[in-house]
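This report concerns only the one structure given below.
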There are 2 protein chains.
Amino acid sequence: MNTRRVNISDVAREAGVSSQTVSRALNNKGEISVETRQRVLEIVRRLGYRPNTLARGLVTQKTCTLGLVVPDIANPFFSEVARGAEDAAHFAGYSLLLCNAMEDPEREMEALRTLEAQRVDGILLCSSRLAAPKLEALLGRLPPVVLANREPASEAMHSVSIDDEFGALAAMRHLLRSGRRQVGLLAGPPASSSGARRTAGHRAALAEAGLPARPELIVPCAPHLEGGVEGATALLTRYPEIDALLCYNDLVAVGALQACAGLDRRVPEDVAVVGFDDIPLAALVTPPLTTLRSDRRMLGAELVRLMLQALEGCPGGCENVVLKPELIVRASAPSASAA
Amino acid sequence: MNTRRVNISDVAREAGVSSQTVSRALNNKGEISVETRQRVLEIVRRLGYRPNTLARGLVTQKTCTLGLVVPDIANPFFSEVARGAEDAAHFAGYSLLLCNAMEDPEREMEALRTLEAQRVDGILLCSSRLAAPKLEALLGRLPPVVLANREPASEAMHSVSIDDEFGALAAMRHLLRSGRRQVGLLAGPPASSSGARRTAGHRAALAEAGLPARPELIVPCAPHLEGGVEGATALLTRYPEIDALLCYNDLVAVGALQACAGLDRRVPEDVAVVGFDDIPLAALVTPPLTTLRSDRRMLGAELVRLMLQALEGCPGGCENVVLKPELIVRASAPSASAA
DNA sequence: TTGAAAGCGATACCAT
DNA sequence: ATGGTATCGCTTTCAA
């Protein structure tokens, strides 16, 4: 604990060469004789030397580190995204600095400032809860950002999203086709842009079917189980005519199932419930959830792929990858109406 | 993108002072007049200056960054640990470098090497899959390590664990009391030390009850749902007399439930199933899982607390925090035998 | 092919 | 209270 770490000069001294030569041997750069490199690398191994990435980053202006900002790493959606991103980043030689924004815009700002100070090479920003002007103001000073589940703030920006409007539309068509007419929407956090897009899909489906929009059936909710319980209880109590609930995500949907149980509403007979994401839980609850499956690991991997592209200067402009979710029909909202 | 970042000298020049003075203003250190500090800070704000943590870390030998190594961040156990750790770290002014070891010892080694090169101030190592000698060999050169769910390799080391043996013992007593006699054990990854301790609890309970040990009823399994399906199917097919399964974690237990369904064994009538961890899923499957509840967020927070202590030189020796899991009885293994 | 020297951006130490 | 200078560990640039 008290002994100084071995540094490049130690290696150089031991090998009887200069530190630049050691650097060359390590980075496969510049001309260097095969035997010198061999000898140096041997000593590197013997001494257990590891280059200090801080020092290296200071001069190269590259840290080989990416920031990953998520609203809640304990949310299975984001933990899968994180896994996909970590794996892709690792593969490309990057490390990941994890920031949990706790669904709090203030905290998210802090995270971005920290990442800026840490000089990460890029930032993977998932489901930002920041208001558009704030986000845009920040973007100028930050390293390259790739957005997940959020409209790119400028056209010079990569993004990866689940096609939320498409998903909500598909879910609504399914519900309407099976005879539901009063579909409540648990729309997620007010600041969530996926929530906004799902709301748009909800509205579009009603319009398409020539049904009246009832904005009062749309309520925001926290993006977890408890949020679903609260939101669904409020909606069903206030508007007993509701015969279906479209939910912000599967956790919320499970909360909705519990709320229905608490209010003695049968699922799917009285109320159909549809979730979003198809987390492992979805297939295992009773009744199993009808939901929209999204490939979250892929989303994480795509974030990294686009980031690497951005770090090379966006040759060929920016991509906005859109992943289509797939409707998975299970018992909580079956095809033939059981009402 | 093309303009150089503002650095401490820019601020100094603008303020008409030396860079040391700026440093003092920023770090609340050394003597500095109130008005000078005010002026400097004002300019810092105006220029949007953020100290480069690389440069700072290079000289202070502190990066204010901790490494977090987990076998699988998508596993709800570890994503909750990560959340607890991130929150505590953030509160203490530390960032978290996330490494997903993918349940692979080779990859775990790599992660540790990377963290060493990144000069993290400390490493939170969760459920290491490394063999003891390898781990010990590494420990000498690494920054302080706090272990989760693993026996400390040396006495000069902090650790936080779930009391796995206690948990397994409690679960076994519960099963035996309710009349089960042939309890299969899905023991988790061979390299998992929690798995080993749970196996010990399983054995201890049998001995305590004067029942014969049947090592063939103990099989390793991958720590996720599929692992549970495979392991349980193999066990139940080979030893049809099994009337209860103690599972490495809740995901494995859910897999076991599915295996039982596939083999037409009723739960709990024919086979009782007990999980570990009490993840949210546990209460929601059918039948709801009897399991051992552990406070994973707390575990993460404790890891950080002990790390901070270690970074201050372990005054008062090292702690080995043991968190007792709590038996939660649900329908998959009820108190009165329904067999 | 190799080495000497400059510099990345901050802080520590010693003067003043 | 403030500034000068060395330094952290590495890469880059230029000479030899």
Side-chain angles (χ1 to χ4, degrees), chain A residues 3-41 43-44 47-65 93 114 116-121 141 143, chain B residues 3-41 43-44 47-65 93 114 116-121 141 143:
Chain A
T3 55
R4 201 174 46 72
R5 275 188 166 287
V6 342
N7 62 24
I8 199 170
S9 318
D10 298 329
V11 177
R13 196 173 320 113
E14 188 75 10
V17 297
S18 72
S19 58
Q20 312 44 274
T21 302
V22 176
S23 175
R24 284 182 191 113
L26 253 34
N27 298 299
N28 296 317
K29 265 192 188 172
E31 316 293 316
I32 183 176
S33 75
V34 187
E35 46 186 33
T36 308
R37 131 159 321 123
Q38 290 293 340
R39 190 156 44 89
V40 169
L41 290 184
I43 298 200
V44 162
L47 264 45
Y49 168 65
R50 318 227 117 247
N52 183 327
T53 60
L54 297 182
R56 177 180 286 172
L58 192 54
V59 36
T60 60
Q61 307 280 27
K62 291 247 324 162
T63 53
C64 286
T65 298
T114 303
E116 184 191 351
Q118 301 259 28
R119 298 300 190 266
V120 294
D121 294 334
R141 11 180 333 142
Chain B
T3 55
R4 202 174 45 74
R5 277 189 164 285
V6 340
N7 63 24
I8 199 169
S9 318
D10 298 328
V11 177
R13 196 176 317 114
E14 188 76 9
V17 298
S18 73
S19 58
Q20 306 50 266
T21 302
V22 176
S23 175
R24 283 181 191 114
L26 252 35
N27 297 298
N28 295 318
K29 267 193 186 173
E31 317 291 315
I32 183 176
S33 75
V34 186
E35 46 187 32
T36 308
R37 136 164 313 128
Q38 290 293 339
R39 191 156 43 87
V40 169
L41 290 184
I43 298 199
V44 163
L47 265 45
Y49 166 66
R50 316 227 121 248
N52 183 327
T53 60
L54 297 183
R56 178 181 284 172
L58 192 54
V59 40
T60 60
Q61 309 279 25
K62 290 247 323 161
T63 54
C64 286
T65 299
T114 303
E116 184 191 352
Q118 300 261 26
R119 298 299 191 266
V120 294
D121 293 335
R141 14 178 331 142

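Below, read A as the first sequence line, B as the second, and so on, with proteins coming before strands; counting in each chain starts at 1.
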Next item on the list: Check the distance between D:dG9's P and B:K62's NZ and give it to me in whole angstrom.
Entry: 17 Å

Check: When all nucleic acid strands are considered with a 4.0 Å heavy-atom cut-off, which category describes A:T53: base, sugar-phosphate, or nothing?
Finding: nothing

Check: Is any side-chain heavy atom of A:N7 closer than 4.5 Å to a side-chain heavy atom of A:N52?
Finding: no

Next item on the list: Rounded off to whole Å, could you give me the CG-to-P distance for the B:L26 and C:dA12 pair?
Entry: 13 Å

Notebook entry, point to check: Near DNA chain C, which residues from residues 6-19 of chain A have a heavy atom under 4.0 Å away?
Noted result: A:V17, A:S18

Notebook entry, point to check: Closer than 4.0 Å, any side-chain N/O of B:N27 to the OP1 or OP2 of C:dT11?
Noted result: yes

Notebook entry, point to check: What residues, two or more places apart in sequence or in another chain, satisfy side-chain contact (heavy atoms from CB on, under 4.5 Å) together with B:A15?
Noted result: B:V17, B:R39, B:V40, B:I43

Next item on the list: Specify the separation, in whole Å, of atom CG of B:L54 and atom C1' of C:dA10.
Entry: 10 Å

Checklist line | Length of the line joining B:N52:CG and C:dA10:C1', which is rounded to integer Å | finding: 7 Å

Notebook entry, point to check: By salt bridge (charged side-chain N to carboxylate O under 4.0 Å, His left out), which residues pair with B:R141, not counting sequence neighbours?
Noted result: B:E116

Item checked: Rounded interatomic separation in angstrom, taking CZ from A:R119 and P from D:dC10 -> 20 Å

Item checked: Terminal axis angle for the helix from C:dT1-D:dA16 to C:dT16-D:dA1, five pairs an end, nearest 10 degrees -> 40°

Note to self: Taking 4.0 Å as the cut-off, does a side-chain nitrogen or oxygen of A:T21 come that near to OP1 or OP2 on C:dG3?
What the structure shows: yes

Under 3.5 Å, sequence neighbours excluded: what are the donor-acceptor pairs made by side chains of residues 29-36 of chain A?
residue : atom : partner : partner atom : Å
A:S33   : OG   : A:T36   : N            : 3.2
A:S33   : OG   : A:T36   : OG1          : 2.5

Next item on the list: Under the side-chain hydrogen bond (donor to acceptor under 3.5 Å, both in side chains) rule, collect the residues that match up with A:T65, sequence neighbours excluded.
Entry: none

Check: Which whole-number value in Å describes the distance from B:Q38 CD to D:dA1 C1'?
Finding: 16 Å

Item checked: Pairs flagged by salt bridge (Lys or Arg N to Asp or Glu O under 4.0 Å) wherever residues 8-26 of chain B is involved - sequence neighbours left out -> B:R4-B:D10, B:D10-B:R13, B:E14-B:R46

Check: Closest approach of B:G93 and B:C64, non-hydrogen atoms and distance?
Finding: O-CB, 3.8 Å

Notebook entry, point to check: Considering residues at least two apart in sequence or located in another chain, which fulfil the side-chain contact (heavy atoms from CB on, under 4.5 Å) criterion with B:T114?
Noted result: A:S95, B:Q118

Notebook entry, point to check: When rounded to the nearest 0.5 angstrom, what distance separates OG1 in B:T63 from CG in B:L58?
Noted result: 11.5 Å

Close N or O pairs between protein and nucleotides 12-16 of chain D (under 3.5 Å):
none

Next item on the list: Starting at CZ of B:R119, measure out to CG of B:L54 and round the result to the nearest 0.5 Å.
Entry: 12.5 Å

Notebook entry, point to check: Can you list every pair that meets salt bridge (Lys or Arg N to Asp or Glu O under 4.0 Å) and has a residue in residues 52-64 of chain A, with sequence neighbours left out?
Noted result: A:K62-A:D121

